[in-house]
Amino acid sequence: MTRTIYDKSKGAREASAQARARDHQLDIPKALLRASSPDLPEVAELTAVRHYTSISQKNFSIDTRFYPLGSCTMKYNPRAAHKVALDPGFLGRHPLAPDEFDQGFLQVRMELEAHLKRLTGMAAVSLTPMAGAQGEFAGLSIMRAYLLSEGQTERDEILVPEAAHGTNPASAAMCGFKVREIPLAASGDIDEEALKAALSERTAGLMLTNPSTCGLFEQRIVEIARAVHEAGGLLYYDGANLNAIVGRVRPADMGFDVIHMNLHKTFATPHGGGGPGAGPIGVVERLKAFLPMPYARYMDDGSIELEGRFEQTTNAHPSSIGRLSAFGGNAGVLIRALAYIRLLGGEGLRRVSSHAVLAAAYVAKRLADAGFELAWPDRRATHEFVISLKKEYKDYGVTALDFSKRLLDYGFHPPTNYFPLLVPECFLIEPTETESLEELDAFVEAMIAIRGEAAKDPTILTNAPHTTPVSRLDEVKAVKTLDLGVHLREAHQS
Amino acid sequence: MTRTIYDKSKGAREASAQARARDHQLDIPKALLRASSPDLPEVAELTAVRHYTSISQKNFSIDTRFYPLGSCTMKYNPRAAHKVALDPGFLGRHPLAPDEFDQGFLQVRMELEAHLKRLTGMAAVSLTPMAGAQGEFAGLSIMRAYLLSEGQTERDEILVPEAAHGTNPASAAMCGFKVREIPLAASGDIDEEALKAALSERTAGLMLTNPSTCGLFEQRIVEIARAVHEAGGLLYYDGANLNAIVGRVRPADMGFDVIHMNLHKTFATPHGGGGPGAGPIGVVERLKAFLPMPYARYMDDGSIELEGRFEQTTNAHPSSIGRLSAFGGNAGVLIRALAYIRLLGGEGLRRVSSHAVLAAAYVAKRLADAGFELAWPDRRATHEFVISLKKEYKDYGVTALDFSKRLLDYGFHPPTNYFPLLVPECFLIEPTETESLEELDAFVEAMIAIRGEAAKDPTILTNAPHTTPVSRLDEVKAVKTLDLGVHLREAHQS
Amino acid sequence: MPYIPHTKTCVETMLANIGEQEIDALFDEIPPTLQLSHIEGLPEGQDELDVLRDFAEIANRDPKLICFAGAGSYDHHIPAAVWDVTGRGEFMTSYTPYQGEASQGTLQLLYEYQSMMCALTGQDVSNASVYDGGTALAEAVLMAIRSSPRARRAKRFEVLAASGVHPHYLAAVNTCVSGQGITLRSLAMNDDGVTRQDLPDGEPPIALIVQQPNVFGRLEDVDALSRWAKAHGVMLIAVVNPMSLALLKTPADWGDGGADIVCGDGQPFGVPMASGGPTHGFITCRKSLVRQLPGRIVGRTEDHQGRTGFVLTLQAREQHIRRAKATSNICTNQGLLVTASTLYLSIMGASGIREIAARCHENTRQLTRALCGLGDVERRFAGPVFHEDVIRLPRPASDVSAALARDWGIFAGIPLGSWYPELDDCLLVCATEKRTDSEIEHYRHALREVLGA
Amino acid sequence: MPYIPHTKTCVETMLANIGEQEIDALFDEIPPTLQLSHIEGLPEGQDELDVLRDFAEIANRDPKLICFAGAGSYDHHIPAAVWDVTGRGEFMTSYTPYQGEASQGTLQLLYEYQSMMCALTGQDVSNASVYDGGTALAEAVLMAIRSSPRARRAKRFEVLAASGVHPHYLAAVNTCVSGQGITLRSLAMNDDGVTRQDLPDGEPPIALIVQQPNVFGRLEDVDALSRWAKAHGVMLIAVVNPMSLALLKTPADWGDGGADIVCGDGQPFGVPMASGGPTHGFITCRKSLVRQLPGRIVGRTEDHQGRTGFVLTLQAREQHIRRAKATSNICTNQGLLVTASTLYLSIMGASGIREIAARCHENTRQLTRALCGLGDVERRFAGPVFHEDVIRLPRPASDVSAALARDWGIFAGIPLGSWYPELDDCLLVCATEKRTDSEIEHYRHALREVLGA
Ligand SMILES: Cc1ncc(COP(=O)(O)O)c(C=O)c1O
Ligand SMILES: Cc1ncc(COP(=O)(O)O)c(C=O)c1O
């Protein structure tokens, strides 16, 4: 039944009005030419359109379902922001275009930077990182460069709460730091004693997500920041959860020195089946000199220059950590973000956090009332919260994964499961501000109904999903056979 | 389960960034204002997007399925033609724009007219009719006006073959003509004797589709045309089936005086769930003066004027039948048609008919080989052909409708059924030139498999479909309850 | 072979199966004399890239004008989401939903559209579209004739139109109904640009057409016209701009029972002007007239398991069943545009279109106030308007508007001289919600320059 | 509340359920001193209509230039169908396909994409994208280090780059790998614009990077470089323009066993230039290196009923499982652009991209022939190119190109002075399949005027 585009392919179809074959004179030595045609599918345009249209329908997506995937902020991204970015005036722009002919897009950069500075309280913002993780890497690189410039060569440790998102330790490691994980206290906040004990002259900094990946606001953030600073370290803010505080609390005011933001979470870029995103970073004054290239700035005549469009270092940023990618970042995502900010305005952005938190608090309360176990029942939910299904596991033998799969049958994308890792059988639930009360209620009802099924007949869950295009997939087999492409498969079979 | 957008609506949501409420000063007498707000759904943008995205997935469509709906030419319409029509330069044009500022679009009209003249052999073409049926009406109106202008006031009969598409007699009646239906001969061609017997001094004309709705080319068309002309009548060509002869045979050469074309069939406009289309008409020289308004033409200075943009009659067309609609026709469809002609070129258009006919002949042959009964086994299939399932009905008690519904389960949109009306339990099958051999074969295999099921267990068919969002729908109940809108339903229930 | 998926082998397989050597053989029933090997004058096929480039050039050949014109086609904003969803392949590449089980998307949407149009117009039932506003009116007239008991006795019928019905609508009606012995007569207007209230005595017409707002943007005294119609047993047909119904009372509420049939053009709801088409005409009416209603109609029903579903219903009215006796010849209608309007209405909601309608009203008033400050320029008609108005200029309107277009990039409105010779110095203007203060100021400035005022 | 669906009643219901009076109470765990009631300087919210208008103005503020620039971003035609399908909500508004059963669309597409990239590059396995070509190279370098047995013994590693690797790619590598003790050294080029073949003796580097075609468009002697790498136990990393692989032999076929890792930027396949992003980087490699490959990887498997399905696989490499020990920190990648490239490749097929590649090659040759006729203008380097080339001008290239942009609407190419001071009089030009004869002629004419030649 599942046929790939290769299965629909036939050699020599040439069914395309894209590029009718012409005669060509290639001035390329034969030794450098390929001997045979690459094995690409050869299908008519209709076949391609039909194939991908059909398989697209197998996806759950925001446009079709409630998708409370914690930590991912799967909300409605206004189509207007998308439309703006598709203007041929933006799409047709070459990344190395002369500044003089790039003033429109450079204005977008300047304005977005200014707004992000206001929203975070940071002194400067760089728009080039292409995702949150790249923002982390850039921010940590700046911290490293700054410490080196201060002669602090021995500071090679980054502290990370054990519940941190995987990108945090991974980025730190990529940057050459050693990673020390700090446990959480029972309250769900970071264990302040353990943190203080870990601080030393080797501390380069602390990475924190706030609200954390447990959906909790680090209550003693000011004290924590002070402690880290006093120990000579810097504070890195993972802004993936900005949806919980946007327009209301500024990371700089909490004491952070560096921040990245996930524009694709808080600021209106649809998630594209896994990207693109953008992870702009903000830094405090003392870190400005280290910002990555390129960097837009106003010239004396009021025009805007993209510093470092060609150059690897510049007079204005001689200590820049350099370039993160070939060009200037994910322009299309930046355009969407600015459009979104203009659509919502300051008040609208504040409403985002108000309602993201309200929705989470409501769903948390309803689930708790229905007997589901909140991981931190005494804490406020922020824009997301954690429940543990360990009781259901104990009572009925069903796992969080089983619940997840069964939710698919009810038409809901499951929450993030098994993250944060420290809560057994957990769900990280992020409803977002754009889902209606009916949708929130229906999700709660589904959870209750599924638990009822678990009590009656756990196999309904353990065999779930039942209504999706495929039933539960064998991930172990996938690793064992490693069939990663049509060719490999064919090689295997022959 | 099936909830309408009204079921998802809540009053006073105002969740829109489209038009934030402002204060207004209305200078309108109170007596003319509405007392209460219209009962429209009030939903957030996400709710609307999700609702309509989700229900769209319930449709079969060319983008997802083989759709051999006879007489409808459900083929792939290149996305390029669609894209061209969506250029803001076209979309933003006001229909009453000054000619001087409308030269781009008027050039499209002129060029398309020229090509359609070439393809049909007609002396002039009018682009204003908005669908095939409106083209018929316009063409017949021209015939009427011409006959009146010739003093032939007694000619009030239009002859139509009994297998004609329903729009033919309906258009003739709308035009004030009496309709006489002419039977078919056993060959499937029109019964020439009956036709000749019907010709008289009351004959205004004959409407013919060629190839006919039986999928047969009227072999004696030249003789038929001569007979009608000799009797003082005119010949109307229903060009809905142009896909069978485009680039190869011209209706004018067959002897037709008037023709309409369905641009949405042969010339690349997707069918939009029921339109829009366009039904340009072509006429021979003596009918030119009667063409409807507006009409584009070159001025002496090489610029183009849209004659009748404002005026109801013009010097150049004093006998015009007038205006068919408020403005100039379905511009967007005209643009697509010209783009399609440019994409394919003369050779490519000829290939359309070649391959449309080849595909039909192939499917017909395979079905015949498999024991299905062709309605006219001794005739060539054109771009479509008719089979009769009366044997299957007799043997297994399953109808063409049952076959249709079961085809849905196999993932195919069924052919047109019960048309032409004279063939019992028939399918009119039009595969089109854009479907792959694999798709054609799979359809044949499905037909065979379904017949196998009928032999084993007819209820599989009579209860079909089994896999669609709803099972077989009760059309009788629909007529009985006449629930034609949410309000009516609510009125009923209360 | 562009868009044709067959390889040489596929073609050979098919031909072999059929038992032929070449495709041309399949055409052997066509008299050879009719067959051409080549058609003169057609172009060579072009790659997509070339076609797109050339058309982008054509589409943007003419300088863009700031649009202050209406007269049946309006420059409204279309929310980005409307066509993102409307353009989905599942809506765009399906056809008339004959097979209900495979077309629930289109059918449910049409059912919802019908509900919305009924809500707006205050009528009981709606069809799923006709071609445009002009044909909608023509069909409405035919409906009225068919359903009038008085008409059943007559052979020739008169239909009366209030003044200020769009002249192109009347022209379309004329073309469409003249074959059926119907004559159309228009009432005179008074100096305020609305219908003179001295309505005719004598044998009443079969139907009266009233357009609200009328072609001058003016608001008719619809209550009086409606009362007259009821009093004389005349069917009342309302032609309305559906956007205006966000503010104005529904034709159902016009005096003494209101309109029997309401029609118009759905263009203001999410459909681009696009040179006037495609758009979609709508017709709604009293339930008692439903069997006279032309076009597709969708009904709610159940499937064999009792689940809700939607189907085309009352098909016995239609040409594919009824043939010469059908209510109309319409077959393909304007489905995709209805899809856009349905999206538009569901995204905007009642509050949204009310806001838009009010902004249009105010913008047009702001415009005419701005222009009427200039020398002799004045509003031609007193009295309230919706979002169009007529201004009188000290010079022929077509000259002035030509100058404004040429030198100032402004489409200043519709010069009314070719429709109403006596209004040769008049311009029909419209400022939708899209027109900004600075565009209105630009118009004022330009007009002052052009008039030397 | 724009985009927030709650009515006042909804909000009250939720608050009542939670047991609070107002939303602000939900933030009471945040120290009050941190909470702001208002953030200075943010704009007021605007209606969609205003935002779209303002952005249309911004997007089109700058005059459009005819693009003869490449250097890593190419002005190719994108078939209309590509983004029509890519933009479908189901692809665009889903996320990383963690829940395989609810993401078969994305997963199957990625599997097919991996297949296509393997076919083009001749490698065994592909990932599902990294950010761009520059980061792809950085990740490839890290892969090489991790998988090199020699590197396991060392603390500091040298990686060698052939001449003509894109300077921005090298810069990105530097930024990304410098924290891990890796130094990057570039080989000198000869006077033909390719790597000098006197390769270094002594302790061999861990890896050699070869870009084909190189940044000047020139074709390197990849066989010789590959043979040298194999002979010295050096991992070979190929950086390629994937479009060139329609014509050029795959890195797998370079001398003596070819490249171990192939990377580059997928932009030429259906992704607009869009100021350089978003696009997507690709990496393919030998099967033996698969566990070092960063990013998402999709594998084919079965469901419990034995039906084929697709899942994310080898997740144990990734940051969400492996954390500090992951192969990379990448999480969100460039899924939507991969979708576009997959559509592009399936619509074009091998014959389609071959045709495009050949046209680009010929257009650029036509361009340089046309320009080199003018006075002292000449090709800077002899020898074959793919679709970019370097021309030498009699004046500083940045002056000439500025004049061509300002006065003639031409983006004449990339002045090479800021990358290679010795090439200050050189321009890197590219003419894709989109450039017409008349545009090339316009360039020739303009250059003649500017040079006074
Ligand atoms: C808390 C947190 N931090 C960091 C990231 C990494 O961001 P990205 O996926 O954009 O690289 C994510 C999301 O994926 C996240 O949820
Ligand atoms: C043979 C035939 N004639 C006429 C028509 C009427 O065309 P339209 O639906 O465009 O009005 C059709 C199609 O619907 C048709 O198939």
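Letters A, B, ... are given to chains in the order of the sequence lines, protein chains preceding strands, and every chain is numbered from 1. Quick caveat: nothing in here was measured; it's all calculated off a predicted structure.
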Test log, rule ring pair (Phe, Tyr, Trp, His ring centres under 6.0 Å), inputs His361(C) and His24(B)
CA-CA 9 Å; His361(C) 173 75; His24(B) 295 286; 8.9 Å; no

For [X], is it the side chain, the backbone, both or neither that has a heavy atom under 4.5 Å from a heavy atom of chain C?
X: Arg350(B); answer: side chain
X: Leu408(B); answer: side chain
X: Tyr76(B); answer: side chain
X: Ile335(B); answer: both
X: Pro465(B); answer: side chain

Measure from NZ or CZ of Arg248(B) to the centre of the six-membered ring of Phe27(C), then state whether that distance is under 6.0 Å and the direction lies within 45° of the axis.
yes

Quick one: is the NZ or CZ of Arg61(C) closer than 6.0 Å to the six-membered ring centre of Phe105(B), and within 45° of its axis?
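Because its charged atom misses either the 6.0 Å distance or the 45° angle limit, Arg61(C) does not stack over Phe105(B).
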
Pair [X]-[Y], side-chain donor/acceptor within less than 3.5 Å:
X: Thr106(C); Y: Asn59(B); value: yes
X: Asn330(B); Y: Tyr131(C); value: no
X: His6(C); Y: Glu433(B); value: no
X: Ser351(C); Y: Glu42(B); value: yes
X: Ser471(B); Y: Gln305(C); value: yes

Taking the six-membered ring for Trp, are Phe411(C) and His94(B) parallel (under 30°), tilted (30 to 60°) or perpendicular (over 60°)?
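Rings of Phe411(C) and His94(B): perpendicular, over 60°.
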
Picking from [options], which has the most non-hydrogen pairs under 4.5 angstrom with chain B?
options: Gln334(C), Glu355(C), Glu40(C), Met273(C); result: Glu355(C)
options: Leu343(C), Leu15(C), Thr250(C); result: Leu343(C)
options: Gly134(C), Pro31(C), Ala171(C); result: Ala171(C)

Compare all side-chain heavy atoms of [X] with those of [Y] and state whether any distance is below 4.5 angstrom.
X: Pro41(B); Y: Met116(C); result: yes
X: Val486(B); Y: Tyr111(C); result: yes
X: Phe137(B); Y: Asn329(C); result: yes
X: Tyr95(C); Y: Pro270(B); result: no
X: Leu52(C); Y: Lys83(B); result: yes

Treating [X] as the side-chain partner and [Y] as the backbone partner, does any N or O pair qualify as donor plus acceptor under 3.5 Å?
X: Arg34(B); Y: Leu120(C); result: yes
X: Glu362(C); Y: Gln25(B); result: yes
X: Lys477(B); Y: Glu302(C); result: no
X: Gln180(C); Y: Met174(B); result: yes
X: Thr93(C); Y: Ser61(B); result: no
X: Glu45(B); Y: Ile347(C); result: no
X: His168(C); Y: Phe327(B); result: no

Among Ala97(B), Ala172(B), Ala331(B), Ala173(B), single out the residue with the greatest number of heavy-atom pairs under 4.5 Å to chain C.
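Option with the top pair count is Ala331(B).
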
Pick from Arg342(B), Arg366(B), Lys365(B), Glu347(B): which one has the most heavy-atom pairs with chain C under 4.5 Å?
Arg342(B)

Decide yes or no on side-chain hydrogen bond (donor to acceptor under 3.5 Å, both in side chains) for Ser56(B) and Arg88(C), but give the supporting numbers first.
CA-CA 8 Å; Ser56(B) 81; Arg88(C) 285 174 58 80; 2.9 Å; yes

Residues in ring pair (Phe, Tyr, Trp, His ring centres under 6.0 Å) with Tyr98(C), at least two apart?
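Counting only residues at least two positions away or on another chain, Tyr98(C) forms a ring pair (Phe, Tyr, Trp, His ring centres under 6.0 Å) with His320(C).
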
Report the residues that fulfil ring pair (Phe, Tyr, Trp, His ring centres under 6.0 Å) with Tyr67(B), sequence neighbours left out, ordered by chain and then residue number.
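Partners of Tyr67(B) by the ring pair (Phe, Tyr, Trp, His ring centres under 6.0 Å) criterion, ordered by chain and then number, come out as His413(B).
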
Indicate the atoms forming the closest heavy-atom contact of [X] with [Y], along with that distance.
X: Ala119(C); Y: Tyr6(B); result: CB-OH, 4.2 Å
X: Asp87(B); Y: Ala59(C); result: CG-CB, 3.5 Å
X: His165(B); Y: Cys331(C); result: CE1-SG, 3.9 Å

Does Thr301(C) form a side-chain hydrogen bond (donor to acceptor under 3.5 Å, both in side chains) with Glu475(B)? I'd like the steps, not just the answer.
CA-CA 7 Å; Thr301(C) 186; Glu475(B) 302 200 356; over 6 Å; no

Exceeds 12 heavy-atom contacts within 6.0 angstrom, atom CD of Gln219(B):
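Yes.
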
For Arg380(B), I'd like to know if atom CZ has over 12 heavy atoms of other residues, nucleotides or ligands within 6.0 Å.
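Yes.
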
Side chain to side chain contact (heavy atoms under 4.5 Å, CB included) between Tyr3(C) and Leu344(B), worked out
CA-CA 9 Å; Tyr3(C) 310 117; Leu344(B) 291 195; 3.6 Å; yes

Any carboxylate oxygen within less than 4.0 angstrom of a Lys/Arg side-chain nitrogen, looking at Arg365(C) and Asp27(B)?
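Salt bridge flag = yes for Asp27(B) with Arg365(C).
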
Answer yes or no: is there an ion pair linking Arg93(B) with Asp62(C), defined by an N-O contact shorter than 4.0 Å?
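A salt bridge links Arg93(B) with Asp62(C).
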
Does any backbone or side-chain atom of Ile23(C) lie under 4.5 Å from a heavy atom of chain B? Answer side chain, backbone, both or neither.
side chain

